[in-house]
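Basis for what follows: all heavy atoms, side chains included, without hydrogens, waters or symmetry-related copies. Per chain, numbering begins at 1; letters A, B, ... match sequence-line order.
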Number of protein chains: 2
Amino acid sequence: MARPLSEEKREAILAAAAELIATSGTGASTASIAKAAGVAEGTLFTYFATKDDLLNQLFLEIETNLAQTMMAAYPAKGGSRERIRHLWDRLIAWGAANPTWRKVLRQLKVSGRITAESRRRSNALFRESRELVEQSMAGHVDPERMSFYIDTVLIGLADMTIDAMAASPKKQHEHLKQAGFDLYWKGTAV
Amino acid sequence: MARPLSEEKREAILAAAAELIATSGTGASTASIAKAAGVAEGTLFTYFATKDDLLNQLFLEIETNLAQTMMAAYPAKGGSRERIRHLWDRLIAWGAANPTWRKVLRQLKVSGRITAESRRRSNALFRESRELVEQSMAGHVDPERMSFYIDTVLIGLADMTIDAMAASPKKQHEHLKQAGFDLYWKGTAV
DNA sequence: TTAAAATGAGCATGTACTCACTCAACAAAG
DNA sequence: CTTTGTTGAGTGAGTACATGCTCATTTTAA
């Protein structure tokens, strides 16, 4: 190999894409992404075969980060309520700390450009933490509703809570976080 | 006036736009929309000044329909739980009956092409039914949480419930609808 | 040396929107 | 009840520009 690819450039392209997609949607042009990343447009295509490829890799990059956060944050000790509450706090903190990534995820999910394979890989990333959540929730929630309450509602409700927080003064943030968790915990009780 | 505009054509264009935006996103071209509506591309621009104008009118058309459904469905009698439950059933029924519109709404909301004025008008459409919901929920929910639980969570949770239903066999639909409502009602209790 | 990364002008295709023109629907004149 | 004139809806080829992607050429690290 005469000259290696630069991980630095790859990440600069992904970061630039995230920034532009968050504000302009997936219609952000490869020209604008390359320019923002400080590389020529041709370079973008040596790191990513197609624009769709870039989009899918960006999707997985963000999902990997979120999955790792959930995994790393999961407490080994404490009652079920405390464990879910801790996870809830970490989810909210992740969203509040990564507003760009959250916008990107929303854009990519409705874009129709994320492949089935990417979604499959994403699911795999969350499998481990999902199982821990299920263990913690066992007994608290009707087993027949477990899948709905974990796979659909948990992250969806966290998302809505972060949105509401973003649209409110800081003073209310803790209050909204509590309101979101109470809704989830009391609502899922058997 | 030499020749009146045809309401029929206007609606054909809006319907075609909805169908194409639901599947291809707001990137659907004016050429493809006009073709699907059975009119020339030029005609589209005599009914809608710009593509953004078409998008905004489509948005308000759908929001008006949803707001009317909520208003018309609101029961005058019954306890608070029964009233909210009835509204919940109508919301779910609306979403299940209008999958295309739901997809369009999602696309338009993340598109960044809906003006502040359109959102303001949309809010106005829901004002009356929102007040009825607030009256029904009074006493059941902490007043400080009222806005979050009504403005953000109610429709958001209904949306998630419809998504889960769409991804499940019909046999489970009633079960999911109940699970979603229980979560909302028990979760919002003071 | 040399192979591969990096470049950016160039290419085919698509885009929202225009415009000169046609013709259908109305109103006034006969 | 015709005839005729006027207006503006309807048309689709045309326009200027943007798009994803290529490739001949240059630069750079092994």
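- Contacts with DNA chain D (heavy atom under 4.0 Å) in residues 15-36 of chain A: A:A28, A:S29, A:T30, listed by number.
- The stretch residues 103-118 of chain A has no heavy atom under 4.0 angstrom from DNA chain D at all.
- Here C:dA16 presents its C1' atom at 14 Å from CG of B:D53, a figure rounded to the nearest Å.
- Scanning for salt bridge (Lys or Arg N to Asp or Glu O under 4.0 Å) contacts around B:E11 gives an empty result, with sequence neighbours left out.
- Nearest heavy-atom pair across A:S32 and A:L20 is O-CD1, 3.4 Å.
- You'll find that the side chain of A:T50 is closest to D:dC21, out of D:dT11, D:dC21, C:dC26.
- Among residues at least two apart or in separate chains, ring pair (Phe, Tyr, Trp, His ring centres under 6.0 Å) pairs with a member in residues 139-174 of chain B are B:H140-B:W185.
- Partners of B:E61 by salt bridge (Lys or Arg N to Asp or Glu O under 4.0 Å), not counting sequence neighbours, listed by chain and number: B:R10.
- Rounded to an integer number of Å, the gap from A:R10 CZ to C:dA5 P is 15 Å.
- A:D53 meets the side chain to side chain contact (heavy atoms under 4.5 Å, CB included) test with A:F48, A:A49, A:T50, A:Q57; sequence neighbours excluded.
- Between A:K9 and C:dA6, a side-chain N or O to OP1/OP2 separation shorter than 4.0 Å is present.
- Applying the salt bridge (Lys or Arg N to Asp or Glu O under 4.0 Å) rule to A:E117 yields the partners A:R120, A:R121; only residues at least two apart in sequence or on another chain are considered.
- Evaluation of the side chain to side chain contact (heavy atoms under 4.5 Å, CB included) rule for A:E63 yields A:F59, A:L66, A:L105, A:S122, A:L125, A:F126 as partners, not counting sequence neighbours.
- Residue pairs that meet the salt bridge (Lys or Arg N to Asp or Glu O under 4.0 Å) test with at least one member in residues 148-165 of chain A, sequence neighbours left out, are A:R102-A:D159, A:R102-A:D163, A:R106-A:D159, A:R106-A:D163, A:R130-A:D151.
- Under 4.0 angstrom from either OP1 or OP2 of C:dA5 there lies no side-chain N or O belonging to A:T46.
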Margin query: For a quick check, with a 4.0 angstrom heavy-atom cut-off, what is the B/S/- contact string for nucleotides 18-23 of chain C, read 5' to 3'?
Written below: B-----
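- In this structure, the CD atom of A:E7 is 14 Å from the P atom of C:dA5, given to the nearest Å.
- For A:L5, counting side-chain heavy atoms from C-beta on, the closest listed nucleotide (C:dA16, D:dA30, C:dA5) is C:dA5.
- A close approach under 4.0 Å does occur between a side-chain nitrogen or oxygen of B:Y47 and OP1 or OP2 of D:dG10.
- When each of D:dA9, C:dA6, D:dT11 is scored by its nearest atom to the side-chain atoms of B:T43, the top-ranked nucleotide is D:dT11.
- Contacts of A:T46 classified as side chain to side chain donor-acceptor pair (under 3.5 Å), with partners at least two apart in sequence or in another chain: none.
- Every residue two or more places apart in sequence or in another chain that forms a side chain to side chain contact (heavy atoms under 4.5 Å, CB included) with A:T100 is listed here: A:A18, A:E19, A:A22, A:V104.
- Residues A:E41 and A:T30 bring a donor and an acceptor atom of their side chains to less than 3.5 Å of each other.
- Here C:dA6 presents its C1' atom at 15 Å from CD of A:E8, a figure rounded to the nearest Å.
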